[in-house]
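What follows is a single structure, written as structure tokens, with notes after it.
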Amino acid sequence: FGYTVAQLRYDDIENGVKVSDVVGVDNVVVGKIETDIQIPIYAAYFCCGDGNDADFEELKGYRGFSSDFFKTRNIKPDNFVLVCAANDSMSPHIEHKDEVGIDISDKEIKDGEVYAILLDGAKMFKQIFVEAGGNLRLHSFNPNYPDKLITPQNHNSLIVVGRKVYRAG
């Protein structure tokens with residue numbers, strides 16, 4: 001808009017610039033972003049490595065999201081939870097201590113998507129590839145972590161918690 005940050009931060013009376021002049025532009029929203037839907041952040045850490053045994057029940061707090069967030073992603077707020085990531089196997093896609101949003105209603109595996117899973121009880125994030133013969137390949141973005149292969153014979157050791165739809169860190 002042709003104004004410096006300093007001019008916008010403070011009314012620059014000398015140069016005739018006022019924040020109120022900029023606010024009048026039709027396609028600019030100035031002010032607080034509406035965060036009317038509060039989503040729980042669970043104290044559970046889903047490992048981005050080999051898994052862990054964190055409790056999924058303890059609440060860490062809440063984070064506000066606008067209703068547009070859910071409309072654009074076609075998810076219901078009741079099906080969306082936030083959990084924390086631990087370790088670096090999904091780096092740079094998911095970093096240690098990131099908050100990760102999971103759609104817990106989306107448990108049908110889509111090839112190449114990232115899911116929060118339980119593998120023999122260990123909580124982790126993995127990209128899942130569907131392979132021939134009913135095999136599932138659990139992939140880490142960090143090449144220091146080898147893929148894990150889930151065969152049809154051990155599918156019962158894998159529980160899909162939900163698909164990753166959001167990350168903040």
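Along the sequence shown, residues are numbered consecutively beginning with 1. Hydrogens, waters and symmetry mates play no part in the numbers below; they use all other heavy atoms, side chains included.
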For [X] and [Y], work out which heavy atoms get closest and say how close.
X      : Y      : value
Phe129 : His139 : CE1-CB, 3.7 Å
Gln38  : Tyr62  : OE1-CB, 3.7 Å
Val100 : Ala85  : CG2-CB, 4.2 Å
Val130 : Asp111 : N-OD1, 2.7 Å
Asn135 : Pro152 : OD1-CD, 3.2 Å
Ser67  : Ile37  : CA-CD1, 3.8 Å

Give the table of side-chain donor-acceptor pairs shorter than 3.5 Å for residues 157-169, with sequence neighbours excluded, one pair per line with atom names and distance.
from   : atom 1 : to     : atom 2 : distance (Å)
Ser157 : OG     : Asn154 : O      : 2.6
Arg163 : NE     : Asp106 : OD2    : 2.5
Arg163 : NH2    : Asp106 : OD2    : 3.2
Arg167 : NE     : His93  : O      : 3.1
Arg167 : NH1    : Asp98  : OD2    : 3.0

Before you tell me yes or no, could you show the steps for Ser105 and Lys76 under side-chain contact (heavy atoms from CB on, under 4.5 Å), namely the whole-Å CA-CA distance, both residues' side-chain angles and the distance that decides it to 0.1 Å? CA-CA 9 Å; Ser105 71; Lys76 295 178 181 175; over 6 Å; no

Please identify each residue that fulfils side-chain hydrogen bond (donor to acceptor under 3.5 Å, both in side chains) with Gln153, with sequence neighbours left out. Thr151

Does a side-chain heavy-atom distance below 4.5 Å link [X] with [Y]?
X      : Y      : value
Met124 : Asn87  : no
Lys97  : Cys84  : no
Arg63  : Leu82  : yes
Val114 : Phe141 : yes
Glu99  : Val83  : no
Asp147 : Leu138 : no
Glu131 : Leu136 : no
Glu95  : Asp88  : no

How many angstroms lie between atom CD1 of Ile104 and atom CG of Asn79, to the nearest 0.5 angstrom? 5.5 Å

If you round to the nearest 0.5 Å, how far is OG of Ser140 from CE of Met90? 6.0 Å

Heavy-atom count check: over 12 atoms from other residues, nucleotides or ligands less than 6.0 Å from Asp68 CG? yes

With side-chain contact (heavy atoms from CB on, under 4.5 Å) as the test, would you mind laying out the steps for Lys148 and Leu119 before giving the verdict? CA-CA 10 Å; Lys148 298 173 188 259; Leu119 183 61; 3.9 Å; yes

Mind checking whether Phe80 and Phe70 have ring centres under 6.0 Å apart? yes

Return the orientation label for the Phe65 and Phe69 ring planes: parallel under 30°, perpendicular over 60°, tilted otherwise. tilted

Using atom types as modelled and distance alone, determine if a side-chain donor or acceptor of Gln127 lies under 3.5 Å from a backbone N or O of Gly112. yes

